[in-house]
There are 2 protein chains.
Amino acid sequence: MQDIRILVADDEEKMRRVIRIYLQKEGYRVEEARDGKEALEKIKASSFSLILLDVMMPAIDGWTVCREVRKNASLPVIMLTARGEEYDKLFGFELGVDDYITKPFSPREMVARIKAVLRRSKEDKRNENTVKIDVLEIRPMSKQAFLENKELTLTPKEFELLYFFARNQEHVYSREQLLNKVWGYDFIGDLRTVDTHVKQLREKLGKYKKYICTVWGTGYKFRNDQ
Amino acid sequence: MQDIRILVADDEEKMRRVIRIYLQKEGYRVEEARDGKEALEKIKASSFSLILLDVMMPAIDGWTVCREVRKNASLPVIMLTARGEEYDKLFGFELGVDDYITKPFSPREMVARIKAVLRRSKEDKRNENTVKIDVLEIRPMSKQAFLENKELTLTPKEFELLYFFARNQEHVYSREQLLNKVWGYDFIGDLRTVDTHVKQLREKLGKYKKYICTVWGTGYKFRNDQ
DNA sequence: CAAATTGTAAACTTTTTGTGAACTTTTTAA
DNA sequence: TTAAAAAGTTCACAAAAAGTTTACAATTTG
């Protein structure tokens, strides 16, 4: 397993230790913070995969830390709240909290929730640059393109071309520009190359070939007229 | 049954003897410790499947022993507490105690609880980081991979490669990336190495070779199209 | 309608991948 | 410790897939 670092912010020494023990047993690397201030410093200093934040902490409370974290990165956050502690779950969700753990909790539950959040965050990352237009979906990370949820079988160039078009809807590109942007600025070759690939793409798009439309005298563009 | 060794730590000689008799009747091997200090020594010296810890012991009490144990391994612990003895169940759970037995107890109950804890701990161990996809199951802890519940015979690299793919379904990796991630960033060698291992893996996957699919012009990925 | 532009099929070229065999390194067994 | 076996790596070449060019047909536009 590659290193997964988790920051545990709680003012109770005992609580931190217990959590640390269980997380280390799962193979995670654990850092501790005594209060909100220390937590923010550590977050700024290095990168974590997840943070466990106690709500009640001296100096800076958990909500404030969470808000700060959300300003910058998309770092998963799990809040620790004492049962009965006045807290507004809704408030937390608005801050983008990924989950809650209510004290006292069983180690099993804690580990399960952490794993769930990490799994979800990984999926998010995977779908990061995914483009969705109408019935077309393109996932660059997995090099997959879907039309009406059916996967298309595209060659690398076809994929790149479609992805480029989809990222730049409505923008018209000349053949030269397309060769530069999709094939690379150092490509020396025939303009007809573009035509050929457009033709093949259209074929694979079937009844959605209209997505890639010819702008007479100029070039091509991706059109999404709904 | 393979040897299951249980350590019984209690200062009362009679208590130890009673427990020993019942556990031996169940086929377990039993070791005894008179106090916390002796318990820690024995734990350090050899390996047990479970420990029964009396809370009240001279020299070092049960909680302390438990804490020490938790620092290192993931050894199941059952605490023995006298009824009415002030003890904090919550505290115990935070320390990772697996179960409690309150004295006086029936031998039946004790054996039942021990079996339950052992079963759970075995499952935990087995399922740690296990990946299950369709008919493929990979247990990194035991370095085993199963296809339709039949174990595959994989070489270490083949195993690592398959495990990596399975953990990152659908994500495409170039040969360079695979060499970095599976072989290590400091591997200097031929890209074809990946091809060869992929080929061998596919061979062993038989009709499920489609799991590892070639993404032309990019690399390989694990595919699970159901 | 004629000029300009685009579409298309097929031939051709290049790139990428699959594969077996030789070779090296590591592990296991004696 | 050494010999044998297993695993891992490299390499060369065949096969497959993709990309490019070309020539010509079809279409658009004024």
Side-chain angles (χ1 to χ4, degrees), chain A residues 143-145 151-165 172-223, chain B residues 143-145 151-165 172-223:
Chain A
K143 292 264 179 187
Q144 288 177 303
E151 187 169 355
L152 295 172
T153 309
L154 302 178
T155 69
K157 273 284 180 301
E158 283 160 15
F159 185 89
E160 286 305 321
L161 187 60
L162 181 61
Y163 185 43
F164 178 79
F165 273 129
V172 185
Y173 292 95
S174 70
R175 288 171 179 71
E176 281 96 335
Q177 286 177 309
L178 287 169
L179 284 177
N180 281 334
K181 302 258 186 186
V182 180
W183 273 255
Y185 82 103
D186 53 350
F187 177 84
I188 303 163
D190 205 295
L191 291 181
R192 271 300 104 94
T193 299
V194 179
D195 295 50
T196 302
H197 281 86
V198 164
K199 179 207 154 207
Q200 280 158 356
L201 240 185
R202 281 176 172 157
E203 208 155 86
K204 292 186 181 176
L205 289 174
K207 68 172 176 172
Y208 292 100
K209 58 164 61 71
K210 66 189 167 83
Y211 276 148
I212 293 174
C213 86
T214 303
V215 181
W216 221 86
T218 313
Y220 300 98
K221 72 168 185 177
F222 190 101
R223 182 170 168 199
Chain B
K143 293 265 178 191
Q144 287 178 302
E151 185 167 359
L152 295 172
T153 309
L154 302 178
T155 69
K157 273 282 179 303
E158 284 161 12
F159 184 88
E160 286 305 319
L161 186 61
L162 181 62
Y163 184 44
F164 178 80
F165 272 129
V172 186
Y173 292 94
S174 69
R175 290 171 179 71
E176 281 97 334
Q177 287 177 310
L178 288 169
L179 285 178
N180 280 334
K181 302 254 184 187
V182 180
W183 274 255
Y185 82 101
D186 53 351
F187 177 85
I188 303 163
D190 204 296
L191 292 180
R192 272 299 107 95
T193 300
V194 178
D195 295 50
T196 301
H197 281 85
V198 164
K199 179 202 155 210
Q200 280 158 355
L201 241 184
R202 280 176 173 157
E203 211 153 85
K204 293 188 180 176
L205 289 174
K207 68 172 177 172
Y208 292 101
K209 57 165 62 72
K210 66 191 167 84
Y211 275 149
I212 293 173
C213 87
T214 303
V215 180
W216 223 89
T218 312
Y220 298 99
K221 73 170 184 178
F222 189 102
R223 182 169 171 200

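Below, chains carry the letters A, B, ... as their sequence lines are ordered, and counting in each starts from 1.
Spacing between atom CD of B:Gln200 and atom P of C:dA21 amounts to 13 Å, rounded to whole angstrom units. To the nearest angstrom, C1' of C:dA10 lies 15 Å from CG of A:Asp190. Residue A:Leu201 contributes atom CG, which lies 18 Å from atom P of C:dT6 at whole-angstrom precision. D:dG19 atom P lies 9 Å from atom NZ of A:Lys204, rounded to whole Å. Taking atom CD of residue B:Glu203 and atom P of nucleotide C:dA21, one finds them 12 Å apart after rounding to whole Å. Between the CG atom of B:Leu161 and the P atom of D:dG8 there is a distance of 10 Å, rounded to whole Å. Counting to the nearest Å, the P atom of D:dA7 and the CD atom of B:Glu160 are 15 Å from each other. In this structure, NZ of B:Lys143 is placed 14 Å from P of D:dA7, rounded to the nearest angstrom.
Contact check, B:Thr155 against D:dA6: no side-chain N or O comes under 4.0 Å of OP1 or OP2. One finds no side-chain N or O of B:Thr196 lying less than 4.0 angstrom from the OP1 or OP2 phosphate oxygen of D:dG8.
Comparing C:dG7, D:dG8, D:dT10 by their nearest atom to the side chain of B:Thr193 picks out D:dT10. Considering only side-chain atoms of A:Asp195, the nucleotide from C:dG7, D:dG8, C:dT19 that sits closest is C:dG7. For A:Thr214, counting side-chain heavy atoms from C-beta on, the closest listed nucleotide (C:dG7, D:dG8, D:dT10) is C:dG7. Closest contact between the side chain of B:Trp216 and the listed nucleotides D:dT29, C:dT15, D:dT9 involves C:dT15. You'll find that the side chain of A:Trp183 is closest to D:dT20, out of D:dT20, D:dA18, C:dT8. Nearest nucleotide to the B:Lys199 side chain, out of C:dG20, D:dT22, C:dG18: C:dG20. With distances taken from any side-chain atom of A:Phe187 to the nucleotides C:dA9, D:dT20, C:dT19, the minimum falls on D:dT20. Among C:dT17, D:dT9, D:dT20, the nucleotide with an atom closest to any side-chain atom of B:Arg175 is C:dT17.
Salt bridge status for B:Glu158 with B:Lys199: absent, with no side-chain N to carboxylate O gap under 4.0 Å. A:Lys143 and A:Glu151 are not joined by a salt bridge, as no carboxylate oxygen comes within less than 4.0 angstrom of a charged side-chain nitrogen.
In terms of position on DNA chain C, the residue among A:Val198 and B:Arg202 whose nearest nucleotide sits closer to the 5' end is A:Val198. Where A:Gly189 and A:Leu154 each meet DNA chain D at their nearest nucleotide, the meeting point lying more 5' is that of A:Leu154.
Separation of the B:Tyr173 and B:Phe164 ring centroids falls under the 6.0 Å cut-off.
Atom CZ of B:Arg223 sits about 11.0 Å away from atom OG1 of B:Thr214, to the nearest 0.5 Å.
Evaluated for a side chain to side chain contact (heavy atoms under 4.5 Å, CB included) with B:Leu161, the options B:Leu154, B:Leu201, B:Thr155 yield exactly one hit, B:Leu201. A side chain to side chain contact (heavy atoms under 4.5 Å, CB included) with B:Ile212 is found for exactly one of B:Arg202, B:Lys221, B:His197, namely B:Arg202.
Contact annotation for B:Thr153: no contact, since no heavy-atom pair falls under 4.0 Å across all strands. Heavy atoms of B:Thr218 sit under 4.0 angstrom from primed sugar atoms or phosphate atoms, though from no base atom. Here B:Tyr220 lies in heavy-atom contact (under 4.0 Å) with sugar-phosphate atoms only. A:Val215 comes within 4.0 angstrom of the backbone, heavy atoms only, and of no base. The residue A:Leu191 sits apart from the nucleic acid: no heavy atom pair falls under 4.0 Å.
Looking at A:Lys204, its side chain never comes within 3.5 Å of a backbone N or O of A:Leu152 through a donor-acceptor pair.
Summary for the helix from C:dC1-D:dG30 to C:dA30-D:dT1: the axes at its two ends, each from 5 pairs, differ by 40° when rounded to the nearest 10 degrees.
For A:Tyr185, the OH atom counts as loosely surrounded, since its 6.0 Å shell holds 12 or fewer non-hydrogen atoms of other residues, nucleotides or ligands.
Taking the six-membered ring for Trp and thresholds of 30 and 60 degrees, B:Tyr211 and B:Tyr208 have nearly parallel ring planes, at less than 30 degrees apart.
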